[in-house]
Amino acid sequence: MRFISEQPLDEGVLEREFTLGEIPGVLWTPGSASAPLILMGHNGGLHKQEARLVARARHYAAAYGFAVAAIDAPGHGDRPRSAADEQSRADLRRAMRAGEPVDDIVDGFVLPLVEKAVPEWRLTLDALLALPGIGGSVGYSGMTAIGIRLAAVEPRVTAAAFFAGGFVPGALREEARQVGVPLLFLMQWDDEGNDRGRALDLFDAFGSREKTLHANLGGHTGTPWFEVDDGARFLTRHLS
């Protein structure tokens, strides 16, 4: 891991960009001596420095004492996009506009992404936990598809907060039964891009003995800010 920039922020938070091989990432750390780690995933082609993600990460570090890391998944943010990535995104947008089934397109795009992204997250986790000031407790917050696989195969992830706003292929819905960590599942009741019934079915499929569903009225980007604090309190309970 190589740090390529460093920026002090308010309330003692330090923001550092890093590279790990071909993986670009950002780490936010509080001023405390030892901080539990949150891996913050994103989807939809977004950047690791997307405004909503950055706002959550900085708040988690400043108000709750978490170390927070985000990386650009393959084909996302600063990572190069293949012709196949671009075609899959175009096909998905066209099918959604036309009201056509998208399951096959989602499977062909999201499953390869998960196959590539989860090993990268595990390599990043190895490097982060070797840094001074990063504690051994690890939580995940973000994209559901990547989070399902990561929580199922990575024993160091001990709690997860998933956002139900992304597409989850059928194969990963089956893998959800293998997720046993405490889980907070957040959804928007009127999410225009994601079927409410499928989101509820996915919540039911998770194998966790402790799982909580938060649903709020409104569309995809209308999640109220108080959910950020609710998510932080959930993670604090399980990572302390």
Side-chain angles (χ1 to χ4, degrees), residues 1-7 9 13-30 35-58 60-61 66-86 88-89 108-163 166-169 172 175 181 235 239:
M1 177 173 284
R2 183 170 67 92
F3 289 101
I4 57 176
S5 72
E6 182 174 303
Q7 180 182 2
L9 305 174
V13 175
L14 183 64
E15 178 182 284
R16 289 176 285 175
E17 293 198 44
F18 64 83
T19 58
L20 181 63
E22 297 179 354
I23 308 167
V26 187
L27 175 65
W28 296 267
T29 49
L37 176 63
I38 305 297
L39 307 178
M40 194 164 282
H42 57 83
N43 61 351
L46 297 179
H47 195 280
K48 63 186 178 298
Q49 290 274 30
E50 192 272 333
R52 288 177 295 166
L53 184 151
V54 170
R56 293 198 308 272
R58 291 182 175 182
Y60 275 25
F66 288 124
V68 183
I71 63 174
D72 280 334
H76 288 59
D78 291 330
R79 305 285 292 273
R81 295 187 181 186
S82 68
D85 289 339
E86 296 289 9
S88 293
R89 287 184 171 92
F109 175 57
V110 176
L111 283 174
L113 170 62
V114 170
E115 294 287 347
K116 297 173 186 175
V118 169
E120 291 190 348
W121 266 121
R122 300 184 79 180
L123 285 173
T124 304
L125 181 55
D126 291 340
L128 291 169
L129 290 179
L131 295 174
I134 306 289
S137 298
V138 180
Y140 174 88
S141 175
M143 179 182 181
T144 301
I146 290 175
I148 288 172
R149 173 69 59 80
L150 186 63
V153 303
E154 177 50 74
R156 291 172 293 184
V157 173
T158 56
F162 292 154
F163 296 94
F167 295 103
V168 178
L172 287 172
E175 285 188 37
V181 299
L235 291 166
L239 301 183

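Taking CE of Met1 as the reference point, atom CD1 of Ile23 lies at 8.5 Å (rounded to 0.5 Å). A distance of 4.5 Å separates CZ of Arg58 from CG of Leu9, quoted to the nearest 0.5 Å. One distance of note links CG of Leu150 with CH2 of Trp121; it measures 8.0 Å at 0.5 Å rounding. Summarising the geometry, atom CG belonging to Leu37 is positioned 6.0 Å from atom CG belonging to Leu129; distances are rounded to the nearest 0.5 Å.
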Residues Arg122, Val153; criterion side-chain contact (heavy atoms from CB on, under 4.5 Å); working and verdict = CA-CA 10 Å; Arg122 300 184 79 180; Val153 303; 3.9 Å; yes
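Not counting sequence neighbours, the partners of Glu115 by the side chain to side chain donor-acceptor pair (under 3.5 Å) test are Arg149. Partners of Arg156 according to the side chain to side chain donor-acceptor pair (under 3.5 Å) rule, which considers only residues two or more places apart in sequence or in another chain, are Asp126, Glu154. Residues forming a side-chain contact (heavy atoms from CB on, under 4.5 Å) with Ala57 (at least two apart in sequence, or on another chain): Trp28, Met40, Val68. Residues that satisfy the side-chain contact (heavy atoms from CB on, under 4.5 Å) test with Ser137, not counting sequence neighbours, are Pro36, Leu239.
Checking side-chain atoms of Thr158 against main-chain N and O of Val138 turns up a donor-acceptor pair under 3.5 Å. Counting only distance, with no hydrogens or angles, the side chain of Thr29 and the backbone of Ala67 share no donor-acceptor pair below 3.5 Å.
A 4.5 Å side-chain heavy-atom check between Phe18 and Ile4 finds every atom pair outside the cut-off. Leu111 places a side-chain heavy atom less than 4.5 Å from the side chain of Leu172.
Between Tyr60 and Phe66, the ring planes are tilted. Angles from 30° to 60° get that label.
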